[in-house]
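As structure tokens, the structure follows; a few thoughts come after it.
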Amino acid sequence: MSTKEISVTAKVAFFSTQAYDKVFFEKHNIDFGYKLEFFDTQLNEQTAKLIQDTDVVCVFVNDVVNESVIKKLAKKNVKIIALRCAGFNNVDLEAAKRFGIKVCRVPAYSPEAVAEHAIAMILTLNRKTHKAYNRVREQNFSLNGLLGFDLRGKTVGIIGTGNIGKAFAKIVKGFGCNILAYDIVTDSEMEKDGVTFVSLETIFKESEIISLHCPLNEQTKHIINKKSIALMKDRVMIINTSRGGLIETASAIEGLKEGKIGYLGIDVYEQEEKLFFRDLSADIIQDDAIQRLMSFPNVLVTAHQAFFTNEALTQIALVTFGNIQVLLENKEIENKAAILI
Ligand code: NAI
């Protein structure tokens with residue numbers, strides 16, 4: 001069988017499938033012709049047994065792809081783990097390498113989608129449009145409690161100036177904010193655009209708004225903790241559209257109770273895999289920390305929806321299938337950041 005034939009008949013099994021995944025991947029498979037199989041369930045040690053005659057396993061942010069799962073995938077002859085997201089903190093890359101499984105991801109499907117959602121969170125928390133919406137529906141036209149602040153002239157600290165951090169900086173510049181940034185790599189183009197690269201400590205001390213756009217790894221885990229919160233300005237606004245593990249939840253709750261944190265917008269949450277992407281409206285939530293967070297009037301929680309635009313889902317489907325094709329056919333890839341192993 002030629003490599004071309006393998007790629008044409010390859011089977012791709014999707015885990016954590018939502019209705020919209022099926023719509024976008026089926027639509028864009030027309031140009032690729034893979035056999036698609038969709039599982040609603042998350043991939044983990046128990047569900048790995050569902051995989052039969054599958055070349056590619058396509059996973060999302062909360063699927064469990066640790067050593068034990070990878071071992072099971074290797075036994076089933078899976079050749080590729082295709083992440084349909086940018087972050088890959090949930091995949092044991094070392095183990096995948098050892099078991100000879102290739103891993104790819106979608107490095108930048110629409111950085112603007114995530115950056116724009118971070119802005120939506122800032123504007124909502126600041127101008128309290130979520131409260132105003134409910135208020136006027138009750139014919140309450142009072143403004144008490146809705147007081148906001150001008151963004152113009154405020155200092156915004158960005159942690160992580162990759163694709164999303166850059167897109168976010170461009171929008172924030174339009175609001176007339178002073179922009180500070182921290183990254184392990186200084187971006188000279190951004191410096192030319194008026195962004196000042198500073199130490200992490202300076203970000204914490206000088207920003208009125210802090211937006212997280214770095215990946216979750218050993219260095220960044222709990223980057224927002226008791227110590228860093230103590231350094232921040234009183235009534236700081238913290239926005240996290242990156243990964244839940246960047247914020248130590250207990251410290252954030254303490255900071256909110258003390259009034260040190262004035263506003264918290266989170267699209268991601270440390271324990272989100274047990275909650276997000278499902279309708280639990282009839283369930284008793286056992287996670288007390290998320291319940292406490294949602295009880296604060298100055299906390300906005302969205303359920304990992306920052307990526308969720310038409311443009312982003314189209315790109316995700318096209319890039320994921322493109323990655324799979326390149327790996328199956330052993331082709332040279334232009335987008336090097338897409339291939340992790
Ligand atoms: P990217 O790879 O383009 O940029 C990440 C940046 O973080 C790089 O500039 C890198 O140098 C920097 N960085 C790495 N380690 C750091 C450290 N220790 N301290 C400070 N900066 C550090 O990634 P991109 O596309 O901008 O995405 C960022 C994150 O956003 C992803 O890792 C992912 O977790 C999250 N994300 C969230 C989505 C959502 O729907 N909420 C959707 C897409 C991504």
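The figures that follow rest on heavy atoms only: side chains count, while hydrogens, waters and symmetry mates do not.
The local environment of CZ in F141 is crowded, with over 12 non-hydrogen atoms from other residues, nucleotides or ligands closer than 6.0 Å. Taking a 6.0 Å sphere around CD of E191, one finds it holds more than 12 heavy atoms contributed by other residues, nucleotides or ligands. Counting heavy atoms of neighbouring residues, nucleotides and ligands inside a 6.0 Å radius, atom NZ of K205 does not exceed 12 of them. In K154, the NZ atom is crowded: over 12 heavy atoms of neighbouring residues, nucleotides or ligands sit closer than 6.0 Å. The number of heavy atoms from other shown groups lying within 6.0 Å of CD (Q291) is above 12. By the neighbour-count criterion of 12 heavy atoms within 6.0 Å, atom NZ of K257 is sparsely surrounded, having that number or fewer from other residues, nucleotides or ligands. Within a 6.0 Å radius of CG in L280, other residues, nucleotides and ligands contribute more than 12 heavy atoms. Heavy atoms of other residues, nucleotides or ligands lying less than 6.0 angstrom from NZ of K71 number 12 at most.
Taking hydrophobic clusters as Ile, Leu, Val, Met, Phe, Trp and Tyr residues chained together by side-chain heavy-atom distances below 4.5 Å, V103 does not share a cluster with I333. Each of F149 and I210 belongs to its own hydrophobic cluster when Ile, Leu, Val, Met, Phe, Trp and Tyr are linked at side-chain heavy-atom distances under 4.5 angstrom. Two different hydrophobic clusters hold I122 and I238 under the rule that ILVMFWY side chains link at heavy-atom gaps under 4.5 Å. There is a path of hydrophobic side-chain contacts, each under 4.5 Å, that joins F14 to F307. Linking ILVMFWY side-chain heavy atoms closer than 4.5 Å, directly or via other members, places V319 and F32 in a single hydrophobic cluster.
N240 places a side-chain N or O within 3.5 Å of a backbone atom of S242 that can act as its donor or acceptor partner. In this structure, the side chain of N178 engages the main chain of G153 through a donor-acceptor pair within 3.5 Å. Side chain of K72 to main chain of K49: no donor-acceptor pair is present (N/O by atom type, distance under 3.5 Å, no hydrogens or angles). Checked by atom type and distance alone, the side chain of D150 never pairs as donor or acceptor with a backbone atom of R152 at under 3.5 Å. A donor-acceptor pair under 3.5 Å is absent between the side-chain atoms of R243 and the main chain of V268, judged by distance alone. K128 places no side-chain N or O within donor-acceptor distance of the main-chain N or O of G145, the cut-off being under 3.5 Å. A donor-acceptor contact shorter than 3.5 Å is absent between the side chain of D55 and the backbone of A10. With hydrogens and angles ignored, the 3.5 Å screen pairs a side-chain donor or acceptor of Q18 with a backbone N or O of F277. For D63 (side chain) and Q42 (main-chain N/O), no donor-acceptor pair under 3.5 Å exists by modelled atom type.
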Taking it one step at a time, do V106 and Q315 satisfy side-chain contact (heavy atoms from CB on, under 4.5 Å)? CA-CA 8 Å; V106 187; Q315 269 305 103; 5.7 Å; no
Residues Y109, L318; criterion side-chain contact (heavy atoms from CB on, under 4.5 Å); working and verdict: CA-CA 9 Å; Y109 37 88; L318 289 173; over 6 Å; no
Mind running side-chain contact (heavy atoms from CB on, under 4.5 Å) on T54 and K76 for me, showing each step along the way? CA-CA 8 Å; T54 299; K76 299 219 174 219; over 6 Å; no
Derivation and outcome, side chain to side chain donor-acceptor pair (under 3.5 Å), residues S110 and E311: CA-CA 7 Å; S110 171; E311 291 77 2; over 6 Å; no
Any chance you could lay out the side-chain contact (heavy atoms from CB on, under 4.5 Å) test for M121 and M237, step after step, and finish with the verdict? CA-CA 10 Å; M121 296 194 107; M237 183 188 288; over 6 Å; no
Would E138 and N140 count as a side chain to side chain donor-acceptor pair (under 3.5 Å) here? Give the steps. CA-CA 5 Å; E138 299 284 329; N140 175 356; over 6 Å; no
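The side-chain heavy atoms of T47 and F39, taken from C-beta on, include no pair separated by under 4.5 Å. Contact check for N62 versus N90: no side-chain heavy atoms found under the 4.5 Å cut-off. With contacts defined as side-chain heavy-atom distances shorter than 4.5 Å, the pair M232/S207 does not qualify. Residues F38 and E26 have side chains in contact (heavy-atom distance under 4.5 Å, counting atoms from C-beta outward). Side chains of L146 and K131 form a contact here, defined as non-hydrogen atoms less than 4.5 Å apart. Between Q305 and F276, every side-chain heavy-atom pair lies at or beyond the 4.5 Å cut-off. For the pair I70/I81, a side-chain contact is recorded, criterion being any heavy-atom separation below 4.5 Å from C-beta on. Using a 4.5 Å heavy-atom threshold, the side chains of I119 and V172 count as touching.
Atom OH of Y182 and atom CG of L200 lie 5.5 Å apart (nearest 0.5 Å). Here the straight-line distance linking atom CZ of R105 with atom CG of L340 works out to 5.5 Å at 0.5 Å rounding. Going from atom CG of N217 over to atom CD1 of I184 covers 7.5 Å, rounded to the nearest 0.5 Å. T161 contributes atom OG1, which lies 5.5 Å from atom CG of D187 (distance to the nearest 0.5 angstrom). Atom CG of L327 is separated from atom NZ of K79 by 12.0 Å, given to the nearest 0.5 angstrom. Between the OH atom in Y263 and the CZ atom in R235 there is a gap of 5.0 Å [rounded to 0.5 Å].
The nearest pair of heavy atoms linking P215 to T220 is O-OG1, 2.7 Å. Considering every non-hydrogen atom in both E273 and R278, the closest pair reads O-NH2, 2.6 Å. Heavy-atom minimum distance, N298 versus G262: ND2-O, 2.9 Å. The two atoms that bring A289 and D287 nearest to each other are N-OD1, 3.0 Å, heavy atoms only. Contact record, Y269 with L293: CE1-CD1, 4.1 Å, taken as the closest heavy-atom pair. Residues D183 and G162 approach most closely at OD2-N, 4.1 Å, considering heavy atoms.
Between the side chains of N225 and S228, a donor-acceptor pair is found at a separation under 3.5 Å.
With respect to E332 and K336, a salt bridge is recorded, a charged nitrogen being found less than 4.0 Å from a carboxylate O. Classification of D21 and R84 as a salt-bridged pair holds, one side-chain N sitting under 4.0 Å from a carboxylate O. Looking at K226 and E254, no side-chain N of the basic residue comes within less than 4.0 Å of a carboxylate O on the acidic one, giving no salt bridge. Look at K170 and E112 and you find no salt bridge, because none of the NZ, NE, NH1 or NH2 atoms lies under 4.0 Å from a carboxylate O. Using a cut-off of 4.0 Å between Lys/Arg side-chain N and Asp/Glu carboxylate O, K233 and E208 are scored as salt-bridged.
Taking the six-membered ring for Trp and thresholds of 30 and 60 degrees, F321 and F25 have ring planes more than 60 degrees apart, a perpendicular arrangement.
A side-chain contact (heavy atoms from CB on, under 4.5 Å) with F15 is found for exactly one of V64, V65, L50, namely L50.
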